[in-house]
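Okay, structure first, notes after.
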Amino acid sequence: MSTHQESGSVGVTQTLTARLFTAEAPLVLASGAELGPVDVAYETYGTLNADGSNAVYICHALTGDAHAAGWHEGARRPGWWDNLIGPGKPLDTTRFFVICSNLIGGCQGSTGPSSTNPTTGEAYGLDFPLLDMADFVSVHRALLAHLGVRRLLVALGGSLGGMQVLQWSLTHPGDMANAAIIAASSRLTAQNIAFSAVARRAIMADRQFKDGQYAAAGTSPAVGLSIARMMAHITYMSEDAFTEKFGRSPQNATSRRGFGIDFAVESYLDHQGTTFLERFDALSYLYLTRVMDYFDPFARGDALSLLRSHPVNHLVVSFDTDWRFSTEHSLRILRHLEGARQPVTFRELKSAYGHDSFLLDDPTYHATLRAWFDRALEVGL
Amino acid sequence: MNTASLRLDLQLVADQIFPGSRVLDLGCGSGSLLAHLMDAKRCSGLGVEIDPESVLGAIRRGVPVLDRRVEDALVDFADDSYDTVVLSRTLQTMLRPEFVLSQMARVAERLVVSVPNFGWYRNRLRLLSGRMPVSKEIPYQWYNSPNLRFTTLADLEDLFDQLDLIVDRRFTYTQQGRRLRMYGQSANLMASAAVYVLRPAR
């Protein structure tokens, strides 16, 4: 029975790093290319129980990192999914063992294009191999082996995170009992790819991009990356959310008309673009968005054959104001899973906030996840 | 536990479902029928429900459920993809009952439909007195009723005919839940509700 304890924090957390592949025993990518060494940054919360039946893997979205919950020493904000993870929260860390890792190709502790290429001694830049959703799953699985987790109770992710979960459940259904795919897509639309294309163009057309060798040149395509972020951020919110947050309020009551930051929303986007530079790398943006563009797991005729023999209980959730990955994206996933006779639950939740809703603590959303997690724990592996 | 709390018409519906079958329950509420079938009859199932609290209840119970309108959900299911499709006390809330029944016949070879009977004599008396029927089966005022379509058993059976749905069995019962052993039109007068087992003629 659920107890009504106060929702708490997992407290101070630290990001750890594991070397999961080496130059001698490299990661073999879906493309056939090899990558080594591969380091992966991760955090865990809670304790793996004696029979190893309470492990939950969090797959993060495009710009996420391993720090999903709790506080880093001296930080002003907690981890990116702190409202979900902690004592008394839907992913109650007194009962669940939660793992979150940074994607390879990323830039927040895991090996990516800004890491050092052992053959040149300099940053990989555009020599870093192109990645596939399957490569993310390979690395997640290697981390599980490293942590001694044999099977997951739940794999969970929103947006690009949900896409990893889908890839994972399709290709290794034996790895998990339950899979939650939130605000995700099984195939980007032309519009989705178009937005990513403009973001990449902004980065690559920045003079400081220098064919991806900007780190060696001691510079970075800051203007391009911040424009990419500003534009992407618009797609993460609904029109209503922008209206509610800013309306048409001016940034400064007294300022004259011009081409500067006249409106509050302009200031907000500018801030989003600038702060993004502190935590994200332009090359990672190129590599990770490209993985999303090419993701199309149901294109394979036998995509669902493994799941048919090892069913996984799926949860598919969308938000009605999400226009980045609209409900139609989730329904496509649902149709394929239901068609393959998988136990699947679907909800389209009401939210004013668009794609970013999956990160917010809307009561119905969290009640849905809580009910589903609680049931998962009750049934076990 | 689920069995004990199963509503009478749901128990009747449950009795019509073969062990191990794949069941689609349209308007599944909080999933009590499916939970019972999954536990007691090794069925696999999927529910469709639009009421938010009921959906949450089904999720907590471990019943796979789609939070969608029945009409929208139905068109996505493949032909003959379920053994039995159940529609319990939901048909009267559908804007397009004809469409829903024909889609059900496409999706499964066996249909179980339970309905309140607007032709029950007390409803008729109530209407004769100049008032809209209100009863245990229809506990609403005209202005707050979720029911959109009002049918008697006789009218409903005409529609079954028209849609080439064969009535394999019909169970009728009183407001108190007592089974009626009646055939033909007298049930249309005496039954407050009915459960039909149907099969498409194909």
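Chain letters run A, B, ... following the sequence lines, proteins first and then strands; every chain starts at 1.
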For chain A, find its close neighbours in [range]: heavy-atom separation under 4.5 Å, sorted by number, or none.
| range | result |
| --- | --- |
| residues 62-98 of chain B | B:Gly62, B:Val63, B:Pro64, B:Val65, B:Leu66, B:Asp67, B:Arg68, B:Asp76, B:Phe77, B:Asp80, B:Ser81, B:Tyr82 |
| residues 156-174 of chain B | none |
| residues 45-54 of chain B | B:Leu46, B:Pro52 |

Would the number of heavy atoms belonging to other residues, nucleotides or ligands and lying under 6.0 Å from [atom1] of [X] be above 12?
| X | atom1 | answer |
| --- | --- | --- |
| B:Phe18 | CZ | no |
| B:Arg179 | CZ | yes |
| A:Arg150 | CZ | no |
| A:Tyr365 | OH | yes |

Exercise. Verify side chain to side chain contact (heavy atoms under 4.5 Å, CB included) between A:Glu378 and B:Arg60, making sure each step is shown before the conclusion.
Key: CA-CA 10 Å; A:Glu378 209 168 80; B:Arg60 186 61 190 83; 2.8 Å; yes
Exercise. Tell me the residues of residues 163-193 of chain A whose non-hydrogen atoms fall below 4.5 Å from those of chain B, in number order.
Key: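 So far as heavy atoms go, nothing in residues 163-193 of chain A approaches chain B to under 4.5 Å.
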Quiz prompt | Step-by-step side chain to side chain contact (heavy atoms under 4.5 Å, CB included) determination, B:Arg22 to A:Arg341 | solution = CA-CA 9 Å; B:Arg22 193 167 139 78; A:Arg341 307 197 160 198; 3.3 Å; yes
Exercise. Taking the side chain as every heavy atom from C-beta outward, state whether B:Val55 and A:Arg347 have any atom pair closer than 4.5 Å.
Key: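 Yes; the side chains approach each other to less than 4.5 Å.
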Using non-hydrogen atoms and a 4.5 Å limit, figure out which bit of [X] sits close to chain B: side chain, backbone, both or neither.
| X | answer |
| --- | --- |
| A:Arg335 | side chain |
| A:Leu331 | side chain |
| A:Glu338 | both |

